[in-house]
Amino acid sequence: MTANGVMSANTPAGAAPATPAAPVPNIAMGMGRAMRAMMAFQQIKADYDTAYKGLDDLSYDELIAHPKMKEVHARGAQKALEVCRANRGIYIKAAQFVASLQGGAGDHGIPRDYVTVLQVLMDHAPHHTFEEIESVFVEDFGKPASELFKEIDKTPIAAASLAQVHRAVLHSGEEVAVKVEYPGLWEMMSSDFGVFHTMAGQMRPGGFDLKWLVEDLQVALTAELDFTHEGKNAERCKQMFAHRKDVKVPAVHWPLCSKRVLTMEYVESARVNDIEELTRMNLRSKDVACKLSSVFAEMTLCHGFVHGDPHAGNVHVRPLPGSPSEPQIVIMDHGLYHTIDDSLRRDFCELVTACILGRRGRIRELGKQFAGPLHRYFPLILSPWFIFGSKIGMAEIKAAKNGSLPPDVKLKDIGDFLVGIHEVEKDNGDNNMLGVLHSMGYTRGLLNDLKLPERNRVKAFGEFATKGTAPDGQRPGSCMSPARITLATNWRKYLELCYVSTSIDVLAVQLNLLVTLSKPKNQAAILAAMGALAAVGYWKLRCSK
């Protein structure tokens with residue numbers, strides 16, 4: 001790396017990122033932006049308070065389905081969008097998170113209006129003019145963009161929370177995507193975090209000190225602001241999936257990279273959940289969803305190096321070159337990754353397998369390691385299909401339906417869980433299980449958009465949880481590909497794969513039966529059939545005497 005932070009052609013890929021020091025926070029700037037957000041929040045809250053008048057007698061389900069609430073959601077979402085566009089930076093980052101939170105919860109979670117309205121900020125956030133960002137090229141490379149590239153489109157093809165992307169052509173004729181950090185972003189985010197640190201020090205919900213939460217967020221976003229760090233993450237991901245032709249990670253062009261500029265191979269693709277584009281490309285949404293589920297299950301369970309921001313703006317798809325009816329997942333924006341060490345990764349694989357096979361003792365043992373006092377609910381965080389691995393009674397089911405905590409879980413338990421996980425991660429910096437769960441929530445939202453049945457998602461989990469505990473030479477991404485686990489290479493692991501897959505099919509039957517029995521009209525029919533069978537059995541017994 002050169003003195004100005006530019007990556008030279010011979011810079012080693014494993015070199016540590018040199019993140020510049022953040023500027024001194026401008027508290028006045030941060031407070032002004034925070035006040036804008038607070039005023040909008042108060043306006044939205046007042047709108048909801050007014051709407052609730054006269055609806056006190058409605059049940060929760062009736063309330064969220066009421067037409068008046070739809071109008072309030074729409075107004076609130078629009079106000080939130082206006083604030084995020086005005087404040088930019090970390091506020092757009094937060095909006096991207098909200099827009100990816102649906103996760104199958106429907107309006108019981110994040111109202112659909114907020115998800116739909118804020119999705120525009122995934123890759124069409126407010127951007128700077130080319131004249132404004134030209135200074136970044138001059139400061140980092142000593143040359144304007146017109147000299148660095150043969151051609152560069154002055155209109156960005158994408159704009160998100162931290163940077164905008166321009167299409168360009170190298171002097172060699174190769175097309176590239178050039179990601180440029182917004183000028184002044186460091187000062188803006190430093191000012192925001194200065195305010196957040198002050199607020200976190202003054203607010204202690206439940207008696208818990210949440211300053212660590214702000215600190216962790218600041219560390220993660222600071223790492224994202226150094227694009228040399230992102231380039232190295234991209235290369236690691238590319239190497240990780242070198243054995244899979246259905247995954248594409250654009251190549252990095254290091255001579256045209258700096259802390260604030262990242263130049264990568266340009267790949268023509270579409271958002272992974274853009275159904276109209278999938279149809280235009282003659283790709284089936286279920287095929288795309290199965291590939292997506294497979295890729296991120298392998299990433300989590302076999303590698304323990306997990307993309308931290310897999311929203312629709314960062315996960316694309318295109319037809320596989322040479323096989324146009326097959327999808328190829330294109331993974332972009334590698335600024336944030338979450339890691340878990342090999343030991344914890346293997347335990348996570350064992351927990352997933354135990355949930356599928358219904359091994360309650362092992363589920364309880366491993367669940368305590370991951371979730372402490374809330375271990376009973378941890379399987380349900382991974383998949384609602386893992387309900388048979390938890391001792392859940394009607395009280396818990398009713399509480400979940402009403403959107404409240406289970407009766408025996410207090411707010412302090414939640415705080416203890418979060419702080420406990422943080423303390424474990426502080427002692428071992430290689431692990432960020434909360435980040436991994438966050439990433440899984442992002443991908444689950446994408447899979448729900450694509451209408452992938454939960455059975456297929458659990459199948460991917462089961463496959464790679466099993467492969468994730470294979471010997472190093474037979475794990476995906478190592479010297480042997482996943483397809484090499486056969487009766488000849490590892491008969492035990494091959495039979496385990498078959499057993500886990502069959503167990504998921506049995507689990508599907510159990511769940512379908514449970515749903516059928518839960519319907520009153522079906523209960524009557526089933527009881528009548530059982531009565532008829534009992535009468536026939538009794539008649540046969542009498543005739544045989």
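Below, all heavy atoms of this structure are taken into account, side chains as well, without hydrogens, waters or symmetry copies. Keep in mind it's a predicted model, so treat the numbers as computed, not measured.
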Would you confirm whether the ring centroid of Y182 sits within less than 6.0 angstrom of the ring centroid of H127? no
About how many Å separate [atom2] of [Y] and [atom1] of [X], when rounded to the nearest 0.5 Å?
{"X": "L262", "Y": "M332", "atom1": "CG", "atom2": "CE", "answer": "12.0 Å"}
{"X": "N282", "Y": "R284", "atom1": "CG", "atom2": "CZ", "answer": "12.0 Å"}
{"X": "F348", "Y": "F461", "atom1": "CZ", "atom2": "CZ", "answer": "5.5 Å"}
{"X": "H253", "Y": "L170", "atom1": "NE2", "atom2": "CG", "answer": "5.5 Å"}
{"X": "M38", "Y": "Q43", "atom1": "CE", "atom2": "CD", "answer": "12.5 Å"}
{"X": "K79", "Y": "C84", "atom1": "NZ", "atom2": "SG", "answer": "14.0 Å"}

Looking at [Y], is its backbone amide N or carbonyl O close enough to the side chain of [X] to form a donor-acceptor pair, meaning the two atoms are under 3.5 Å apart?
{"X": "Q164", "Y": "H128", "value": "yes"}
{"X": "S293", "Y": "A289", "value": "no"}
{"X": "N314", "Y": "D309", "value": "yes"}
{"X": "S323", "Y": "L320", "value": "no"}
{"X": "E265", "Y": "A251", "value": "yes"}

Shortest non-hydrogen separation from [X] to [Y] and the atoms involved:
{"X": "K68", "Y": "A51", "value": "CD-O, 3.5 Å"}
{"X": "C302", "Y": "F464", "value": "SG-O, 3.6 Å"}
{"X": "V267", "Y": "P250", "value": "CG2-CG, 3.9 Å"}
{"X": "S439", "Y": "H307", "value": "OG-O, 2.7 Å"}
{"X": "A77", "Y": "L118", "value": "O-CD2, 4.4 Å"}
{"X": "K291", "Y": "R244", "value": "O-NH2, 4.4 Å"}

Do the rings of H166 and F130 sit parallel, tilted or perpendicular, given the 30° and 60° boundaries? perpendicular
Sidechain N-carboxylate O distance under 4.0 Å for K45, D49: yes
Does a side-chain heavy-atom distance below 4.5 Å link [X] with [Y]?
{"X": "L446", "Y": "L292", "answer": "yes"}
{"X": "L278", "Y": "V272", "answer": "no"}
{"X": "V169", "Y": "E174", "answer": "no"}
{"X": "V436", "Y": "I340", "answer": "yes"}
{"X": "K70", "Y": "D113", "answer": "yes"}
{"X": "K248", "Y": "F241", "answer": "no"}
{"X": "C290", "Y": "L452", "answer": "yes"}
{"X": "T263", "Y": "F227", "answer": "no"}

Using side chain to side chain contact (heavy atoms under 4.5 Å, CB included) as the criterion, list what pairs up with [X], not counting sequence neighbours.
{"X": "Q78", "answer": "L81, E82, V117"}
{"X": "R75", "answer": "D47, E71, V72"}
{"X": "P67", "answer": "none"}
{"X": "S383", "answer": "W385, F386, E454, R457, V458"}

Can you see whether [X] engages [Y] through a side-chain donor-acceptor pair at a distance of less than 3.5 angstrom?
{"X": "N432", "Y": "H338", "value": "yes"}
{"X": "H229", "Y": "Y337", "value": "no"}
{"X": "H243", "Y": "E298", "value": "yes"}

Would V317 and V330 satisfy side-chain contact (heavy atoms from CB on, under 4.5 Å), going step by step from the backbone distance to the final call? CA-CA 5 Å; V317 67; V330 182; 5.9 Å; no
Working for side-chain contact (heavy atoms from CB on, under 4.5 Å), residues K286 and L450: CA-CA 7 Å; K286 185 175 181 180; L450 293 167; over 6 Å; no
Among all residues two or more places apart in sequence or in another chain, which pass the salt bridge (Lys or Arg N to Asp or Glu O under 4.0 Å) test with [X]?
{"X": "R236", "value": "none"}
{"X": "K245", "value": "none"}
{"X": "R271", "value": "D123"}

Where do L225 and L162 land on the side-chain contact (heavy atoms from CB on, under 4.5 Å) test, with the steps shown first? CA-CA 7 Å; L225 290 176; L162 309 180; 4.3 Å; yes
Scan for salt bridge (Lys or Arg N to Asp or Glu O under 4.0 Å) pairs involving residues 324-338, sequence neighbours excluded, and state none if there are none. K179-D333
Enumerate donor-acceptor pairs with a distance under 3.5 Å from any side-chain N or O in residues 141-154 to protein atoms, sequence neighbours excluded.
from, atom 1, to, atom 2, distance (Å)
D153, OD1, T155, N, 3.0

Step by step, would you call M433 with F370 a side-chain contact (heavy atoms from CB on, under 4.5 Å)? CA-CA 8 Å; M433 197 63 212; F370 287 100; 3.9 Å; yes
Determine whether more than 12 heavy atoms belonging to other residues, nucleotides or ligands lie under 6.0 Å from atom CD of E276. no
List in chain and number order the residues that pass ring pair (Phe, Tyr, Trp, His ring centres under 6.0 Å) with F41, two or more places apart in sequence or in another chain; answer none if no residue qualifies. none
By ring pair (Phe, Tyr, Trp, His ring centres under 6.0 Å), Y52 pairs with (sequence neighbours left out) none
Quick note, ring-ring contact (aromatic ring centres under 6.0 Å, His included) partners involving residues 255-281, not counting sequence neighbours, are none
